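FYI, the numbering just counts along the sequence from 1. Counting starts at 1 for both ligands and their atoms, following the listed order. All values derive from a computational prediction rather than experimental measurement.
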Amino acid sequence: MTKFASVRLVLFLILAVFPPLVSRSWAQQGEKMSVLLIDGQNNHNWKATTPLIKQTLEGTGRFDVDVATSPGTGESMDSFSPDFSKYDVVVSNYNGKPWSEATQKAFEQFVAGGGGFVSVHAADNSFPKWSAYNRMIGVGGWGGRSEKDGPYVRWKEDRKQFTRDLTPGRGGTHGKRVPFLVVVRDVEHPITAGLPAAFMQTADELYGKLRGPAENMHVLATGFSAPATGGTGEHEPLLMTVQFGDGRVFHTTLGHDDAAMKGIAFQVTLQRGTEWAATGTVKQPAVEGQLLTNETPAMRDPADVKPDEFAAMPDIMSKGWVTLFNGKDLGGWSQKNGTATYRVESGMIVGKTAQGSPNSFMCTTRDYGNFELTFEVNDDSGLNSGVQIRSLSKADFNNGRVHGPQIEIESAPGESGYIYSEGTGRGWITKQQPVKDAYQNGKWNRFVVRANGDRIQTWVNGKAIADILDVESSKKGFIGLQVHGIKRDTGPFEVRWRDIRVRDLN
Ligand code: ZN
């Protein structure tokens with residue numbers, strides 16, 4: 001072990017015993033992220049847009065948003081000193097006079113110390129002379145910005161890469177407000193993973209010619225600024241991340257006015273970008289293609305979105321859970337379909353494949369409608385398995401073939417946690433499947449499922465995997481543990497379940 005490695009090991013051990021002080025509230029399961037939204041001066045209509053930003057974030061059920069409104073134009077800014085340190089992330093809808101030196105310093109310390117920051121549209125016009133702020137936003141516009149402030153950063157389609165252009169010229173322009181395509185340039189970043197590769201934003205200002213230090217800046221998506229509507233003819237950056245010290249910045253140039261903020265493209269990227277700035281991850285579920293398309297701009301009034309009380313993973317330690325498996329025998333369960341064997345061993349149900357058998361299912365003798373379900377599973381690699389929910393077996397349907405939604409269990413990388421329509425020929429119910437690595441091979445894996453009305457959500461080892469509306473399937477049925485059929489001359493394989501519990505939502 002090198003000296004450096006040993007220092008790192010000691011540091012790791014210290015951190016393992018004493019969690020760092022910067023550990024924020026979001027780290028605790030189920031707690032909301034706290035947001036400070038700043039407004040008060042803006043050449044845009046902040047009085048109309050601040051409520052939309054607040055509703056867009058709070059509608060996810062994942063954020064609590066406080067608003068800090070600065071003194072008005074022409075008034076002294078001395079009194080404006082929000083306590084940034086109380087928050088996970090600061091969102092700026094502010095484009096106005098410089099803050100006091102003390103407030104600037106406090107904000108720099110907040111972000112550099114690991115706080116999150118989100119710059120919305122004209123917030124990147126603000127503070128042209130505040131060096132640290134310009135490093136936070138990466139690039140900005142207007143306010144006298146020019147080549148002295150840094151390069152233009154554009155995507156060059158012919159070279160398939162970003163370029164930094166130091167040509168002299170002003171910073172900041174936009175053409176007419178028209179709908180445009182947001183093209184994702186990094187499909188793996190947590191903010192954009194699970195979004196369609198390109199999707200329409202409703203009529204909005206497409207900022208062009210932004211320039212700035214662009215240090216530690218990563219462009220997630222661009223938009224083509226069309227000359228026909230007064231644009232630059234360039235693929236301009238629309239969504240960016242910037243690392244500033246230990247802090248994460250998400251910069252969106254979308255959201256000129258209340259109409260633009262009703263675009264779901266603006267809303268979804270703001271929601272995901274704000275979570276990422278706050279936590280470094282995105283637990284919001286993948287966005288289904290029908291919500292964001294590359295043809296028509298999807299619109300939604302955030303005021304119509306009810307706070308999502310079911311956003312967070314169910315708390316499996318709280319009250320109301322009922323054990324489905326007593327750890328001793330298979331009372332309350334019965335086998336359907338194949339001839340795989342199921343035995344009870346050391347508090348586990350162990351399923352073992354049988355040569356020549358179709359898929360087998362160990363099913364609850366009771367039906368469940370709206371419920372939360374949790375279990376742990378450890379699957380031999382090479383064996384595909386799953387847990388049926390709301391499933392049926394009827395003499396008049398395919399000779400009693402078990403069918404219904406199945407929570408997939410599969411070695412990583414794979415589809416664990418996604419939802420398959422077993423026995424119906426319908427295939428995958430979850431179409432978008434961005435997360436393939438939540439399952440840990442050879443270990444116990446905690447699955448959590450919530451089925452309520454048409455909505456089914458899943459988590460694997462705490463990671464949100466699926467969040468779908470399934471209108472077609474039965475809303476009530478048994479829970480079943482699947483042992484998959486196997487190919488000739490393979491196996492035998494085993495799959496083990498334990499701690500199977502359910503909580504009724506009816
Ligand atoms: Zn604007």
Chemist: Decide, counting backbone as well as side-chain atoms, whether His44 has an N, O or S atom less than 2.8 Å from the Zn ion (ligand 1).
Modeler: yes
Chemist: So if I apply the side-chain contact (heavy atoms from CB on, under 4.5 Å) rule between Trp142 and each of Asn95, Asn43, Asn125, which one comes out positive?
Modeler: Asn125
Chemist: If you look at Glu205, which of its N/O/S atoms is nearest to the Zn ion (ligand 1)?
Modeler: OE1
Chemist: Restricting to N, O or S atoms, which atom of His256 is closest to the Zn ion (ligand 1)?
Modeler: ND1
Chemist: Given Asp257, which partner from the list Arg177, His121, His44 fulfils the side chain to side chain donor-acceptor pair (under 3.5 Å) test?
Modeler: Arg177
Chemist: Name the residue from Leu36, Val89, Leu37 that meets the side-chain contact (heavy atoms from CB on, under 4.5 Å) definition with Val65.
Modeler: Leu37
Chemist: Under 6.0 Å between ring centres, would you say that holds for Phe107 and Phe117?
Modeler: yes
